[in-house]
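One structure below.
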Amino acid sequence: MAAADELDRLAYEPTSCPSDGRRQRALHDGVRQWTRHALLMYRRAFPAGSDPDSALRLAASPWVYQYQRAADDARPATEYRITAWGRCLESPNGRRRELRLPVANRLRIRSDAERAIAALVAAEGNPDPQLEDVRVVQFTLSDGRTSLIFQGSRAEALALYRKDGAPAVRALLDSQEYRPGTACASCAIAPVCPKLPKAAGLLGITDRSRPRRSWSSTTGRGHRGCPARGYLRGLRLPADDAVERGAAAERGRAVHAFLAKQHSQQSRTPCTPKIPADWVPEGYRLPDMERQLGADLLRHHAEVCPLRTAEPQSELRIEPRLVFDDMAADLLVLADPDLLYRNEGSWVWRETKTSASDRPRRDVMAAYPQLALAVKIISSGALSGLPARGRVELELLRPAGADLRTLDPFAPTTLAAAESVLREQAEGWHRETLFEAVPGPECAHCEVAKWCSVRQPQHVGLGEAQ
């Protein structure tokens with residue numbers, strides 16, 4: 001099927017099964033633009049007719065590996081199934097198979113277990129006795145690049161699974177650990193999960209009429225600026241690195257990564273002003289000016305390092321993922337504190353921000369809405385199970401020094417301000433149905449603008465780079 005034909009097929013996204021005769025709603029403009037690009041990149045990765053000797057066709061159905069429980073297996077399930085999300089192709093004679101795994105943005109380095117399990121699905125899913133050769137490849141929908149994950153015989157795929165895949169699967173099946181996260185939004189047992197904290201009314205919304213979704217302060221901030229921007233970010237469409245990984249943003253992430261490593265040391269020694277010249281963590285690229293500024297900010301951090309006041313033997317949670325079920329709004333609320341630590345028996349929520357400017361901010365909750373969510377979470381008792389003491393801290397690192405602001409979640413004026421910010425952030429998003437773009441000057445700083453057909457063009461002046 002040609003890319004244009006495929007795009008036409010995806011022109012409408014059904015709100016329910018098409019056979020029931022209900023209306024269909026038009027696909028979001030950004031998703032349409034992304035789909036067009038992704039299909040073209042797929043054709044670039046696998047051009048038609050490039051290898052006539054290995055012509056492949058789409059399998060009749062996705063491959064599923066099925067395993068029946070052994071007689072001595074005490075687990076309650078009687079059958080296990082393993083699938084792989086990708087395109088399943090096979091030769092007309094059934095002797096060759098190729099599993100193509102899509103990646104949205106960048107090629108991933110697959111673990112040994114991932115490689116082995118993918119090879120198993122390709123070799124043993126919907127088993128065919130004629131199968132001889134198996135190939136697993138991943139491809140990026142952003143630029144059409146490919147990388148080989150596995151290539152070999154059916155027997156080699158099975159041997160690889162027994163070596164690297166089976167132990168990982170057994171460990172997964174044997175695990176009794178609950179891991180609340182974004183998947184809780186669609187999990188059938190979420191209402192009775194013992195590890196998913198219930199927090200009815202956390203966002204101040206009483207309306208269960210909308211589809212169950214997840215929400216975070218990032219969601220609210222993105223929607224407020226441009227509904228389409230927030231929507232497309234929520235779908236995790238590839239972002240423009242030149243925008244998302246600009247020098248200032250990269251410096252902030254590098255500072256956070258450095259502090260997270262320092263705070264995770266077993267010695268729990270407070271940070272000092274002695275910052276090594278090579279402080280930038282691996283994987284971050286900073287210009288010399290940002291590298292120097294980052295080092296200066298880290299020296300200021302030593303003055304307000306939370307390990308100075310954290311209880312030595314108490315729990316310390318570094319960049320934890322917090323998940324709460326707001327039953328009143330039927331929403332999964334996500335939060336990612338920079339640090340949670342105990343002081344005098346109470347939780348302290350620390351957020352750290354960096355800035356190249358010394359200009360003060362008056363309304364910090366409006367500037368950093370995650371603080372409003374933190375205030376509400378602590379005051380409601382959602383973090384500890386019951387309302388108790390606690391505080392929220394904002395650490396602002398600037399060239400002139402460190403500014404530590406403290407918010408009391410139990411002060412009526414602070415709590416009222418936090419609830420006002422949360423309503424402004426969440427109510428409009430919760431009612432939204434179209435998520436249309438709002439083109440304007442901010443298009444120049446939008447990391448997903450390339451998927452927007454109505455983005456405002458950026459005019460290049462004389463003397464600027466073309």
Side-chain angles (χ1 to χ4, degrees), residues 171 174-184 187 190 192-200 202 214 216-218 253 255-272 281 298 301-326 332-353 365 368-397 402 404-411 414-415 418:
D174 291 338
S175 174
Q176 300 297 314
E177 181 184 2
Y178 292 89
R179 296 180 183 176
T182 54
C184 297
C187 178
V192 295
C193 177
K195 295 299 182 180
L196 178 59
K198 307 301 184 289
L202 187 61
S214 61
S216 69
S217 295
T218 302
R253 281 189 283 264
V255 167
H256 277 80
F258 179 86
L259 291 178
K261 182 178 180 180
Q262 294 299 111
H263 294 159
S264 64
Q265 301 293 328
Q266 288 187 347
S267 63
R268 287 205 182 182
T269 304
C271 298
T272 72
L298 287 170
H301 163 80
E303 304 168 17
V304 294
C305 178
L307 296 189
R308 292 181 176 276
T309 55
E311 295 174 359
Q313 304 302 321
S314 66
E315 184 180 1
L316 188 73
R317 304 178 65 182
I318 301 168
E319 298 182 349
R321 164 52 62 93
L322 305 181
V323 186
F324 305 94
D325 191 355
D326 187 342
L332 197 70
V333 181
L334 311 175
D336 299 281
D338 289 331
L339 185 72
L340 286 175
Y341 69 96
R342 295 273 192 178
N343 177 236
E344 297 182 354
S346 300
W347 279 116
V348 181
W349 183 311
R350 172 71 69 96
E351 293 286 346
T352 301
K353 296 296 177 183
M365 281 195 286
Y368 308 111
Q370 61 265 48
L371 298 175
L373 181 59
V375 166
K376 185 66 175 177
I377 288 173
I378 290 183
S379 67
S380 67
L383 189 59
S384 57
L386 70 164
R389 293 179 302 166
R391 66 179 184 270
V392 177
E393 295 178 337
L394 172 63
E395 175 185 345
L396 288 167
L397 299 178
L404 185 62
R405 310 270 187 100
T406 300
L407 301 175
D408 180 1
F410 302 97
T414 302
L415 181 57

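Not measured: the values here are computed from a predicted model.
Looking at residues two or more places apart in sequence or on another chain, you find a side chain to side chain contact (heavy atoms under 4.5 Å, CB included) between K198 and L196, D325, M327. Under the side-chain hydrogen bond (donor to acceptor under 3.5 Å, both in side chains) criterion, T269 pairs with S267, not counting sequence neighbours. Not counting sequence neighbours, the partners of R391 by the salt bridge (Lys or Arg N to Asp or Glu O under 4.0 Å) test are E393. In terms of the side-chain hydrogen bond (donor to acceptor under 3.5 Å, both in side chains) criterion, residue partners of E351 (sequence neighbours excluded) are, by chain and number, W349. For R179, the side-chain hydrogen bond (donor to acceptor under 3.5 Å, both in side chains) test picks out E177, with sequence neighbours left out. By the side-chain hydrogen bond (donor to acceptor under 3.5 Å, both in side chains) test, R268 is found to be paired with no residue, residues two or more places apart in sequence or in another chain being considered. Residues passing the salt bridge (Lys or Arg N to Asp or Glu O under 4.0 Å) test with D408, sequence neighbours excluded: none. Legend: residues meeting side chain to side chain contact (heavy atoms under 4.5 Å, CB included) with P369, ordered by chain and number and at least two apart, are R221, V421, Q425. Residues that satisfy the side chain to side chain contact (heavy atoms under 4.5 Å, CB included) test with T414, not counting sequence neighbours, are M365, V375, L407, A411. Among residues two or more places apart in sequence or in another chain, the ring-ring contact (aromatic ring centres under 6.0 Å, His included) test is passed with H256 by none.
Here the CD1-CG distance, from I318 to L259, works out to 10.0 Å after rounding to the nearest 0.5 Å. With values rounded to the nearest 0.5 angstrom, L340 atom CG is found 5.5 Å from L383 atom CG. Rounding to the nearest 0.5 angstrom, the gap separating the CG atom in L394 from the CD atom in Q370 is 8.5 Å. Interatomic distance, SG of C184 versus NZ of K195, reported as 13.0 Å (0.5 Å rounding). Expressed to the nearest 0.5 Å, how far OG of S216 lies from CG of D336 amounts to 7.5 Å. Interatomic distance, L202 CG to I377 CD1, rounded to the nearest 0.5 Å: 5.5 Å.
At least one side-chain heavy atom of L396 sits under 4.5 Å from a side-chain heavy atom of Y368. R389 has its side chain out of reach of N343: every pair of non-hydrogen atoms, C-beta onward, lies at least 4.5 Å apart. Side-chain contact check for V255 versus H301: every heavy-atom pair is 4.5 Å or farther apart.
The shortest heavy-atom contact between T352 and E395 is OG1-OE1, 3.2 Å. Residues V323 and P197 approach most closely at O-CD, 3.1 Å, considering heavy atoms. Considering every non-hydrogen atom in both L415 and P409, the closest pair reads CB-O, 3.8 Å. Contact detail for F324 and A382: the closest heavy-atom pair is CE2-O, 3.4 Å. Counting all heavy atoms, side chain and backbone alike, E315 lies closest to R317 at OE2-CD, 3.1 Å.
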Mind listing the side-chain donor-acceptor pairs of residues 305-313 below 3.5 Å, one per line with the distance, residues two or more places apart or on another chain?
| residue | atom | partner | partner atom | Å |
| --- | --- | --- | --- | --- |
| R308 | NE | A302 | O | 2.8 |
| R308 | NH2 | A302 | O | 3.1 |
| T309 | OG1 | P306 | O | 3.3 |
| T309 | OG1 | Y341 | OH | 3.4 |
| E311 | OE2 | E344 | N | 2.7 |
| E311 | OE2 | G345 | N | 2.5 |

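Applying the salt bridge (Lys or Arg N to Asp or Glu O under 4.0 Å) test to every pair with at least one member in residues 371-380, sequence neighbours left out, gives these pairs: K376-E419.
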